[in-house]
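Report on one structure; see the data block that follows.
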There are 2 protein chains.
Amino acid sequence: MSKNRSYTPKTAADGVGAALRFLEGRWKLSILFQLFGGKTLRFSELEKAIDGISQKMLIQQLRQLEVDGIVRRTVYPQVPPKVEYELTDWGQELCPALDAILTWAEQRPSGKPEKS
Amino acid sequence: MSKNRSYTPKTAADGVGAALRFLEGRWKLSILFQLFGGKTLRFSELEKAIDGISQKMLIQQLRQLEVDGIVRRTVYPQVPPKVEYELTDWGQELCPALDAILTWAEQRPSGKPEKS
DNA sequence: CAGTATCCCAGACGATACTG
DNA sequence: CAGTATCGTCTGGGATACTG
């Protein structure tokens, strides 16, 4: 009950824009879908699971997801290093929202419509 | 029943990525939210309604939305020209999906979490 | 293993001017 | 009114090499 729920076209666009910015980045969705369902993966496991990603991009996108509060990073202080990544509770909540988008995309009329 | 509903992390990420690509572009959401609810607007009305947009960007984003099947463009052959824009049925369907995203964003824990 | 550090480039975007 | 046409900038991302 604490949020203001009346949106103008502008505030709604801004709100959704801010939300989508969390997902912007060539590899974010790939990372997210590797971690959905409560999975926990090491840096090297993500690197292997996501085809074509470089170490630079992997760490960059992970860092952004981390500061945004979507991914949690856990360091095990040992040699050789071990770092694990998993979704936060809020990050897991993304799943149904992305599913809504996916469902929408599937509804797309394929050919050129006759009318309307 | 015609769609394949089993997703791997990769195919799901690709699917959502493809869907989000329809929304990519600095002004697309602003345009969309002007047109949600079945509203029909002329080029110049959109230009006035969306603060800061240039003619170049407005037409560019509108064209993309049009070829993607989200926006419908209607030309009235008269002088001076009159062109109207409105959402397609599929475009209107975006509304609930974007609402899911917005709701997710509102759920975001604001401060630094104590635990988990 | 899990990162950093550089260099580079395509393409998205903005500013501005012009036109059927 | 509803667009085109140019030009310049900026930044996300790729390639590659190095390190605690």
Side-chain angles (χ1 to χ4, degrees), chain A residues 10 13-14 16-32 34-35 39-68 70-87, chain B residues 10 13-14 16-32 34-35 39-68 70-87:
Chain A
K10 178 170 171 25
D14 287 354
V16 175
L20 292 184
R21 229 159 288 125
F22 291 130
L23 307 178
E24 249 162 43
R26 176 85 171 68
W27 304 98
K28 293 233 185 108
L29 292 174
S30 300
I31 294 170
L32 252 18
Q34 289 296 331
L35 298 177
K39 278 173 287 185
T40 299
L41 294 175
R42 300 182 58 164
F43 184 87
S44 55
E45 291 174 319
L46 283 168
E47 194 181 351
K48 265 170 285 184
I50 302 172
D51 197 55
I53 198 171
S54 68
Q55 289 186 319
K56 176 198 165 186
M57 289 312 297
L58 180 53
I59 192 65
Q60 180 183 107
Q61 308 273 292
L62 280 170
R63 293 277 198 248
Q64 291 179 16
L65 290 168
E66 189 192 359
V67 311
D68 288 341
I70 294 171
V71 157
R72 181 169 33 247
R73 174 172 181 267
T74 310
V75 181
Y76 297 87
Q78 60 186 45
V79 178
K82 173 178 175 180
V83 181
E84 288 188 335
Y85 294 90
E86 65 191 318
L87 294 184
Chain B
K10 176 167 174 24
D14 287 355
V16 175
L20 293 184
R21 229 160 288 125
F22 291 129
L23 308 178
E24 249 162 43
R26 176 85 170 68
W27 304 96
K28 294 239 183 101
L29 292 173
S30 301
I31 294 171
L32 252 16
Q34 290 295 332
L35 298 178
K39 278 172 286 185
T40 299
L41 294 175
R42 299 181 58 164
F43 184 87
S44 55
E45 292 175 320
L46 283 167
E47 195 181 349
K48 266 168 285 184
I50 301 172
D51 197 56
I53 198 170
S54 68
Q55 290 186 318
K56 177 198 162 186
M57 290 312 296
L58 180 54
I59 193 64
Q60 180 183 106
Q61 310 272 291
L62 280 170
R63 294 276 199 249
Q64 291 179 16
L65 290 169
E66 190 193 358
V67 312
D68 288 341
I70 294 170
V71 158
R72 181 169 32 245
R73 176 173 179 266
T74 310
V75 181
Y76 298 88
Q78 60 185 45
V79 179
K82 174 178 174 181
V83 181
E84 288 188 335
Y85 295 89
E86 65 191 320
L87 294 183

Calculate the interatomic distance between [X] atom [atom1] and [N] atom [atom2]; express it in whole Å.
X       : N      : atom1 : atom2 : answer
B/Phe43 : D/dT4  : CZ    : C1'   : 11 Å
B/Leu58 : C/dA15 : CG    : P     : 15 Å
B/Arg42 : D/dG3  : CZ    : C1'   : 13 Å
B/Lys82 : D/dC1  : NZ    : P     : 13 Å
A/Glu24 : D/dG13 : CD    : C1'   : 13 Å
B/Trp27 : C/dG14 : CH2   : C1'   : 10 Å
B/Gln60 : D/dA5  : CD    : P     : 13 Å
A/Leu62 : C/dT4  : CG    : P     : 11 Å

State the [atom1]-[atom2] distance between [X] and [Y], to the nearest 0.5 angstrom.
X       : Y       : atom1 : atom2 : value
A/Ile31 : A/Leu23 : CD1   : CG    : 11.5 Å
A/Gln34 : B/Lys10 : CD    : NZ    : 10.5 Å
A/Phe22 : A/Lys28 : CZ    : NZ    : 9.0 Å

DNA chain D: 5'-proximal contact among B/Gln55 and A/Gln64 (nearest heavy atom):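 The answer here is B/Gln55.
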Closest to the A/Val83 side chain, choosing from D/dC1, C/dA2, D/dG3: C/dA2
Distance-only donor-acceptor test (3.5 Å): side chain B/Lys56, base C/dG14: yes
Would you indicate, yes or no, if [N] has its OP1 or OP2 atom less than 4.0 angstrom from a side-chain nitrogen or oxygen of [X]?
X       : N      : answer
A/Tyr85 : C/dG3  : yes
B/Arg26 : D/dT11 : no
B/Arg21 : C/dA12 : no

Sugar-phosphate, base or nothing in reach of A/Ser54, heavy atoms under 4.0 Å: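 No contact.
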Sugar-phosphate only, base, or nothing, as touched by B/Gln61 at under 4.0 Å among non-hydrogen atoms: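 The answer is sugar-phosphate, as B/Gln61 gets under 4.0 Å only of primed atoms, P, OP1 or OP2.
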Partner nucleotide of D/dA15 by Watson-Crick or wobble geometry (both distances under 3.5 Å):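 Paired with C/dT6.
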B/Tyr85: which of B/Leu65, B/Val71, B/Thr40, B/Leu58 passes side-chain contact (heavy atoms from CB on, under 4.5 Å):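 It is B/Val71; the other options fail the test.
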Trace of the side-chain contact (heavy atoms from CB on, under 4.5 Å) decision for A/Glu86 with A/Thr74: CA-CA 8 Å; A/Glu86 65 191 318; A/Thr74 310; 4.1 Å; yes
